[in-house]
S.K.: 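The following block contains the structure, expressed as structure tokens.
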Amino acid sequence: MFYQLLETLLLTARDVVPIAIILFGFQLGVLKRPIPNWRKVALGFVYVIIGLTFFLVGLELALFPIGESMANQLTMPEFLHPDGAPTPFIWQDYLWVYIFAAAIGFSTTIAEPSLIAVAIKANEVSGGTIGIQGLRVSVAIGVAFGISLGCFRIVAGDPIHYYIMGGYIIVVIQTFYAPKIIIPLAYDSGGVTTSTVTVPLVAALGLGLATNVDGRNPLIDGFGLIAFASLFPIISVMAYAQIAEYISKRKAAAEQ
């Protein structure tokens, strides 16, 4: 475990140091101005490297094995048909897979560091109009629904492009009616959800499901859940803004 920790520390430092070089290089070489509180900034980079190291090792030790094991156990024939019935499996037999996918998608999105950072910035820039928790929960609901629907697609064996094209048609329609302040943030929300915590777990879930469902190819059917996890938060965040705007207008109309 010590060697794993040391290896992850070195790899994390290798990834973070170029970012520091670019930032310091532009500050000193292009802007030609000293770095304010450089000791504090340097200490912050050390914290980032150490924190990311423990975070990644913790994921490898705890979340990933449990997530992959759960996906395998939920699709085992003895779990799907505990009575041993020889009937073929149908999509309704995988109800607990859909529930697990939604739950793991929601929880990992809530814990996603990138989303937390974006939510805090959106709250600051909007002067508090965009709530931190409201944005995080609405994105998490979109990811939960998207991953659950993606698991259903794997079980049903449907072509992925039907779902993705249908989702983007909804996005285009919503873009015309959603409040303008939320549209760019909603589009960004789809990207920030597919980061450090969510991607490995979702990928393991899709591959595990495609491996255990009869007639599915892990290479063809196992991928695609991340596309669902990126698309549906756009819909849910714009829907959140539309509902909030509708409620606000009704309150204003009632007070008149």
Side-chain angles (χ1 to χ4, degrees), residues 51-52 55-56 58-59 63-64 67 70-71 97-154 160 163-206 223-248:
L52 277 175
F55 180 71
L56 293 172
L59 288 178
L63 290 184
F64 297 161
M70 289 287 290
V97 172
Y98 312 141
I99 295 174
F100 173 72
I104 201 70
F106 186 91
S107 58
T108 55
T109 303
I110 286 292
E112 192 65 70
S114 304
L115 176 60
I116 296 172
V118 169
I120 291 172
K121 286 298 178 186
N123 179 263
E124 292 174 357
V125 172
S126 68
T129 304
I130 299 173
I132 296 175
Q133 295 304 323
L135 180 62
R136 291 175 64 193
V137 170
S138 60
V139 172
I141 290 173
V143 174
F145 180 81
I147 295 177
S148 186
L149 183 64
C151 288
F152 168 78
R153 182 201 71 81
I154 293 174
I160 188 172
Y163 293 83
I164 299 300
M165 287 191 297
Y168 274 108
I169 289 173
I170 296 173
V171 169
V172 170
I173 294 172
Q174 278 186 299
T175 302
F176 286 104
Y177 298 101
K180 303 304 178 190
I181 187 176
I182 204 70
I183 292 173
L185 183 60
Y187 278 64
D188 280 352
S189 298
V192 297
T193 56
T194 52
S195 188
T196 313
V197 181
T198 309
V199 169
L201 277 173
V202 171
L205 175 63
F223 295 98
L225 287 185
I226 297 170
F228 282 81
S230 302
L231 170 60
F232 283 88
I234 304 175
I235 298 173
S236 63
V237 169
M238 285 198 284
Y240 160 66
Q242 288 175 288
I243 293 170
E245 184 182 56
Y246 174 73
I247 293 174
S248 177

S.K.: Is a side-chain N or O of Ser248 found less than 3.5 angstrom from the main chain of Ala244, in a donor-acceptor match?
M.R.: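 No, Ser248 side chain to Ala244 backbone: no donor-acceptor pair under 3.5 Å.
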S.K.: What's the shortest heavy-atom distance between Thr109 and Gly105, and which atoms?
M.R.: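 Shortest heavy-atom separation between Thr109 and Gly105 comes out as OG1-O, 2.6 Å.
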S.K.: Donor-acceptor pair, distance only, cut-off 3.5 Å: does the side chain of Ser138 make one with the backbone of Leu135?
M.R.: yes
S.K.: List the atom of Ala241, the atom of Ile182, and the distance in Å for their closest heavy-atom pair.
M.R.: CB-CG2, 3.5 Å
S.K.: Could you check if a side-chain atom of Ile234 sits within less than 4.5 angstrom of a side-chain atom of Tyr187, using non-hydrogen atoms only?
M.R.: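 In contact.
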S.K.: Would you say the side chain of Ile147 lies within less than 4.5 Å of the side chain of Phe106, judging by non-hydrogen atoms?
M.R.: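 No; the side chains remain at least 4.5 Å from each other.
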S.K.: Atom CD1 in Ile99, atom CD1 in Ile104: separation rounded to 0.5 Å?
M.R.: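 Here the interatomic distance stands at 14.0 Å.
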S.K.: Between atom OH of Tyr163 and atom CD1 of Ile160, what is the distance when rounded to the nearest 0.5 Å?
M.R.: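 Answer rounded to 0.5 Å: 10.0 Å.
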S.K.: Would you mind reporting whether Val137 and Tyr240 have side-chain heavy atoms less than 4.5 Å apart?
M.R.: no
S.K.: Looking at CZ of Arg153 and CG of Leu225, how far apart are the two atoms once the value is rounded to the nearest 0.5 Å?
M.R.: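 Here the rounded value is 7.5 Å.
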S.K.: Nearest 0.5 Å, what's the CG-CG distance between Asp188 and Leu115?
M.R.: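 The distance works out to 11.5 Å.
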S.K.: Taking all non-hydrogen atoms of both residues, which atom of Val143 and which atom of Ala229 are closest, and how far apart?
M.R.: CG2-O, 3.7 Å
S.K.: If you define the side chain from C-beta out and look only at heavy atoms, does anything of Phe228 sit under 4.5 Å from Val202?
M.R.: no
S.K.: So, for Gln242 and Ala178, which heavy atoms are closest and what is the spacing to 0.1 Å?
M.R.: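 Scanning both residues completely, I find the closest heavy atoms to be CG-CA, 3.8 Å.
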S.K.: Let me confirm one number: the SG-OH distance from Cys151 to Tyr98, rounded to the nearest 0.5 Å.
M.R.: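 Result: 8.0 Å between the selected atoms.
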S.K.: So, the side chain of Ser189 versus the backbone of Leu185: is there a donor-acceptor pair under 3.5 Å, distance only?
M.R.: yes
S.K.: Minimum heavy-atom separation for Met238 and Thr175, please, with both atom names.
M.R.: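 That would be CE-OG1, 3.9 Å.
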S.K.: Restricting to non-hydrogen atoms, name the atom on Gly167 and the atom on Leu231 that form the minimum distance, rounded to 0.1 Å.
M.R.: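 Shortest heavy-atom separation between Gly167 and Leu231 comes out as CA-CD2, 3.7 Å.
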S.K.: Rounded to the nearest 0.5 Å, what separates atom CD in Gln174 from atom CD1 in Ile169?
M.R.: 12.5 Å
